Amino acid sequence: MSTDLNSPGSSPAPLEEFLRDYVETTGGVWDEVEPQVYDLMLPGVAGAGEPEMVRLVFDPEAIPEHPGAQLASYGTPLIDRLLTDAVNRGRHLEVYRIGLNLSPQGVEDRLRRTAILPPGYTLKIERARPMHFPQAVFWFEATFVSDQKEQDLLTVAIDVHHGRQVRHLEELLDRAHMGERPWTPLADAPHPGLVTAYPVARDRVVRTLSALANTYHRELHERLDRQLERIDRYYADLRAEVEEQAKKAKGRGEDDAKFAARIEGLEREEQLRAGELRRKGQLKVHLRLLNLLVIHQPKLLLNTAVVASTTGSTIGRLEWVYDPLVEAVEAAVCPECRHPTFEFAVTRQGRLVCPACASVADAPTRPTRR
Ligand SMILES: [Zn+2]
């Protein structure tokens, strides 16, 4: 136990404790050179880059003995950076969706009923593989600032594999079926990385946000108009009163100059207050990402062949995903335009594409007019 006078208790101060925890959690190393003096090795940014070596001193009086050391206290750039990083780490959580049936009955039948192929073709599942599909759930905080401040929480979930919005949020976020570990270890389905989901989520949120902002804006202006009307009435009454006094004064043969000055003053005051109100009538919207939850959800990746019924020959291959959570087949991707589609056509050249791409490919070329 420490008997050092500078640290009378046996446990270190909260900031010191945070620092040790932080360094250990992030994969760095700390060494207490002497009481309240630490040598730290911080891992590089995002796991890449060179590790950073820092000597930190908790006691300002010890600074002269350790040239080149940094003082550890709240508000210093280094401690601020570490605290922010720690908060950000806490905002990102990964869990597994458990309790799903990964060998459901009749998936091929269901797929055949869902997919629309031209007559004379059928689908055959060549391989069905359960895999983990990351579902990224973003929580955004929108703040509307005008004459008052209001906040909204917006949630968007994106299937990272397809880059599509997940509509069944409630089923996805079922707390009773989330675990820190999966029931069965599964490989990750191919996906373009979590970073690609963020712009999709943001785009969806901005759309919702502009609808919300319109509502706030309308309410704000109704409020503002009512207030402007009240101000207008208030000053009109005041002016009328002063004019009445001026008339009486004039009748008594008094000088009415001071009344004119008072009316002028009232007009200036009214303009000032109305201007102030109109400035508050501007609506500002701030959007920030609060939390990110990644749910690794098992789904079946179905590799299928499109087969001509008469000859039995394969004319193309399609990849489908079966989601056991909602017991449905997700739209496949058109090999040509990459748009999601359930319906496929075969071009004259024998390519398997979506109906839109097929109509472009098979459009008769126009004769050039001379
Ligand atoms: Zn297409």
Side-chain angles (χ1 to χ4, degrees), residues 106-136 138 156-169 172 187-208 297 299-368:
V107 170
E108 194 161 48
D109 283 345
R110 196 184 287 267
L111 177 62
R112 284 189 184 141
R113 280 200 303 274
T114 312
I116 304 164
L117 295 180
Y121 294 96
T122 185
L123 272 173
K124 251 174 79 179
I125 295 180
E126 293 182 319
R127 193 178 181 201
R129 240 184 327 162
M131 302 190 97
H132 273 135
F133 286 72
Q135 313 289 297
F138 297 87
V156 192
I158 305 291
D159 170 72
V160 186
H161 169 75
H162 275 138
R164 297 177 198 157
Q165 185 171 2
V166 179
R167 302 281 174 188
H168 47 272
L169 257 182
L172 185 67
D188 258 356
H191 63 80
L194 209 55
V195 218
T196 59
Y198 179 71
V200 184
R202 209 185 145 87
D203 179 63
R204 294 296 183 281
V205 160
V206 167
R207 277 190 224 177
T208 314
Q297 193 214 311
K299 297 185 190 184
L300 292 179
L301 187 68
L302 309 171
N303 296 105
T304 64
V306 178
V307 179
S309 313
T310 46
T311 59
S313 61
T314 298
I315 62 134
R317 290 195 155 75
L318 292 172
E319 209 177 74
W320 300 83
V321 176
Y322 175 78
D323 184 349
L325 180 61
V326 286
E327 298 181 336
V329 175
E330 295 175 359
V333 174
C334 166
E336 203 128 309
C337 67
R338 313 302 303 167
H339 280 111
T341 179
F342 285 105
E343 191 175 355
F344 286 90
V346 180
T347 65
R348 276 203 288 269
Q349 291 86 20
R351 277 181 297 128
L352 198 61
V353 293
C354 76
C357 287
S359 66
V360 174
D362 289 343
T365 39
R366 284 190 190 169
T368 3

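Note that ligands are numbered from 1 as they come in the structure, with each ligand's atoms numbered from 1 the same way. No experiment lies behind these values; they were computed from the predicted model shown.
- Scored by the ring pair (Phe, Tyr, Trp, His ring centres under 6.0 Å) test, His191 finds no partners at all (sequence neighbours excluded).
- Using a 3.5 Å distance cut-off with no hydrogens or angles, the side chains of His132 and Gln297 do not pair a donor with an acceptor.
- The only option from Arg204, Arg202, Arg207 that meets the side chain to side chain contact (heavy atoms under 4.5 Å, CB included) definition with Val156 turns out to be Arg204.
- Within the 3.5 Å criterion, the main-chain N or O of Ala331 finds a donor-acceptor partner in the side chain of Arg164.
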Inset, instruction - Apply salt bridge (Lys or Arg N to Asp or Glu O under 4.0 Å) to Lys124 and Glu108, showing your working. - result: CA-CA 7 Å; Lys124 251 174 79 179; Glu108 194 161 48; over 6 Å; no
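- With values rounded to the nearest 0.5 angstrom, Asp203 atom CG is found 9.5 Å from Gln165 atom CD.
- With waters neither drawn nor counted, the protein N/O/S atoms under 2.8 Å from the Zn ion (ligand 1) amount to 4.
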